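First the structure, in the form of structure tokens, and then the observations on it.
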Amino acid sequence: MFLRSLRAAALAGAALAAAGPAHAAYPDKPINLVVPFPAGSGTDAVGRIFAAELGNILGQQVVVENKPGANATIAANYVARAKPDGYTLFVTTNTSHSAAPFLMKNVPYDPVKDFTPIARGGNLPFLLVVNPQRPYKSVQELVDYARKNPGRVTYATGNSTGIVAGGTLARRADIDILHVPYKGTPQALTDLVGGQVDFMFTDLASGLPFVQSGQLRALAVSTAERSSIVPDLPSMREAGVADFDLNSWNGYFGPAGLPPEIVAKLNAAINQIVSNPDVRKRLAGLGFDAFSGTPESFATFVSEQRDLWGKLIKDAGIQPQ
């Protein structure tokens, strides 16, 4: 009996010893970083910078895989069903984890239970941009025009932030505007530049180059306060729309059950990235405000944002599809 117990203890110890180095050696092959939006979107541009920096820190290639569509739920569901071994990661926004559960009737995953929070990445403020051939040059002029032309002003969207921002503007300003949804931001911006739609809310990373080239006109930022990245633009509150404050957050997840030691390693790497002044400068050039924190603080934030976006969507009168 004693010998059997001794043998069992020895086998258990050997198993733990074998398991330990496997995690300690992580990663020993390329990592897949899933992006829920098309190439050319703000999240994609930011995600590729993080992927390259992660690869340098971890000593393995981090491959970006775009899985756009369905308010980021296609990509989210893919990651939620992946093996929790640290080789399938998810860089996403409030679209998949805060808004989609309230914008869609049937979301195939639980944004809390099916994921392991790793780290915040930062915030991606949004711009209200219009086709420069349109007659309105301020938010108030856009609102006045929409009131005189009910149902004729169109706004494009390529993600949930755009959907909620447009719905919030319609409700707060009491205007009748027509929503034109797109699979992603790049396609929406192309049609806005071409004059097929009138305006949209877009992330700075995607929209700012069009503004700088004169192809689009920016009227305001979507937050309650001005952005340090585009300080000359008024906030929506300054522009005359009360109680308007929308910001798109960015963060990193793995599937549920990701080992704590892998979470800790990835979290440390992401914090190292956002602490690098050169990387922060590159990200700021995309309109991205980079910062991070602990996995625990990120988990709390995700839960709080889910409640906040649920209220925003309800207040905007947006019905789940």
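Just so we're clear, the structure is a prediction, and the values are computed from it rather than from any experiment.
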Is it the case that [X] and [Y] place a side-chain donor and acceptor less than 3.5 Å from each other?
| X | Y | value |
| --- | --- | --- |
| S297 | T300 | no |
| D245 | T223 | no |
| Q305 | N94 | no |
| N159 | T185 | yes |
| D144 | Q140 | yes |
| T92 | S96 | yes |

State the [atom1]-[atom2] distance between [X] and [Y], to the nearest 0.5 angstrom.
| X | Y | atom1 | atom2 | value |
| --- | --- | --- | --- | --- |
| Y136 | Y145 | OH | OH | 6.0 Å |
| Y182 | T190 | OH | OG1 | 9.0 Å |
| N250 | L283 | CG | CG | 9.0 Å |
| D85 | I31 | CG | CD1 | 9.5 Å |
| D289 | S248 | CG | OG | 12.0 Å |
| N247 | N123 | CG | CG | 4.5 Å |

Next on the checklist: Would you say CZ of R81 has more than 12 non-hydrogen atoms from neighbouring residues, nucleotides or ligands within 6.0 angstrom?
Outcome noted: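 More than 12 within 6.0 Å, yes.
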
N/O donor-acceptor pair under 3.5 Å between [X] side chain and [Y] backbone:
| X | Y | answer |
| --- | --- | --- |
| R120 | G293 | no |
| R172 | D243 | yes |
| N66 | F37 | yes |
| R306 | F301 | no |
| N71 | T73 | no |

For [Y], is there an ion pair with [X] - N to carboxylate O distance below 4.0 angstrom?
| X | Y | result |
| --- | --- | --- |
| E65 | K67 | yes |
| R48 | D44 | yes |
| E141 | R134 | no |
| K311 | D307 | no |

Next on the checklist: For Y252 and F298, I'd like to know if the aromatic rings sit close, meaning centre-to-centre distance below 6.0 Å.
Outcome noted: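 No - the distance between ring centres of Y252 and F298 does not fall below the 6.0 Å cut-off.
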
Checklist entry - Run the side-chain contact (heavy atoms from CB on, under 4.5 Å) check on V241 and V139 step by step: do they pass? => result CA-CA 8 Å; V241 184; V139 174; 3.9 Å; yes

Linked, directly or transitively: [X] and [Y] (ILVMFWY side chains, under 4.5 Å):
| X | Y | value |
| --- | --- | --- |
| F201 | L178 | no |
| L286 | V230 | no |
| F288 | L54 | yes |
| Y26 | I118 | yes |
| F102 | V107 | yes |

Which heavy-atom pair separates [X] from [Y] by the least distance, and what is that distance?
| X | Y | answer |
| --- | --- | --- |
| T168 | L246 | OG1-CD1, 4.3 Å |
| S206 | G40 | OG-O, 3.7 Å |
| P101 | P111 | CG-CG, 4.0 Å |
| N131 | G194 | ND2-C, 4.3 Å |
| P295 | N267 | CD-ND2, 3.3 Å |
| G287 | P125 | O-CD, 3.4 Å |

Next on the checklist: Within 45 degrees of the ring normal and closer than 6.0 Å to the centroid, is that where the cationic atom of R237 sits relative to F244?
Outcome noted: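 The answer is no; the distance or angle limit is not met.
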
Next on the checklist: Whether K29 engages the ring of Y87 as a cation-pi pair (distance to the six-membered ring centre under 6.0 angstrom, angle to the ring normal within 45°) should be assessed.
Outcome noted: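 Because its charged atom sits under 6.0 Å from the ring centre and within 45° of the axis, K29 does stack over Y87.
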
Checklist entry - Between F90 and H97, what is the ring plane arrangement, given parallel below 30°, perpendicular above 60°, and tilted in between? => result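 Tilted.
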
Item to check | Parallel, tilted or perpendicular, as decided by the 30° and 60° cut-offs, for the rings of W249 and F253 | outcome: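 F253 and W249: tilted rings.
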
Compare all side-chain heavy atoms of [X] with those of [Y] and state whether any distance is below 4.5 angstrom.
| X | Y | value |
| --- | --- | --- |
| Q187 | K183 | yes |
| L89 | L266 | yes |
| N56 | E53 | yes |
| V79 | F115 | yes |
| I163 | H179 | yes |
| Q60 | P30 | yes |
| W309 | T161 | yes |
| T93 | L124 | no |

Checklist entry - What do the steps show when you test T154 against F199 for side-chain contact (heavy atoms from CB on, under 4.5 Å), and what is the final call? => result CA-CA 7 Å; T154 56; F199 77 94; over 6 Å; no

Checklist entry - Passes side-chain contact (heavy atoms from CB on, under 4.5 Å), K105 versus Q321? Steps please. => result CA-CA 6 Å; K105 293 180 179 178; Q321 300 297 315; over 6 Å; no

Item to check | Derivation and outcome, side-chain contact (heavy atoms from CB on, under 4.5 Å), residues V62 and F50 | outcome: CA-CA 9 Å; V62 179; F50 272 85; over 6 Å; no

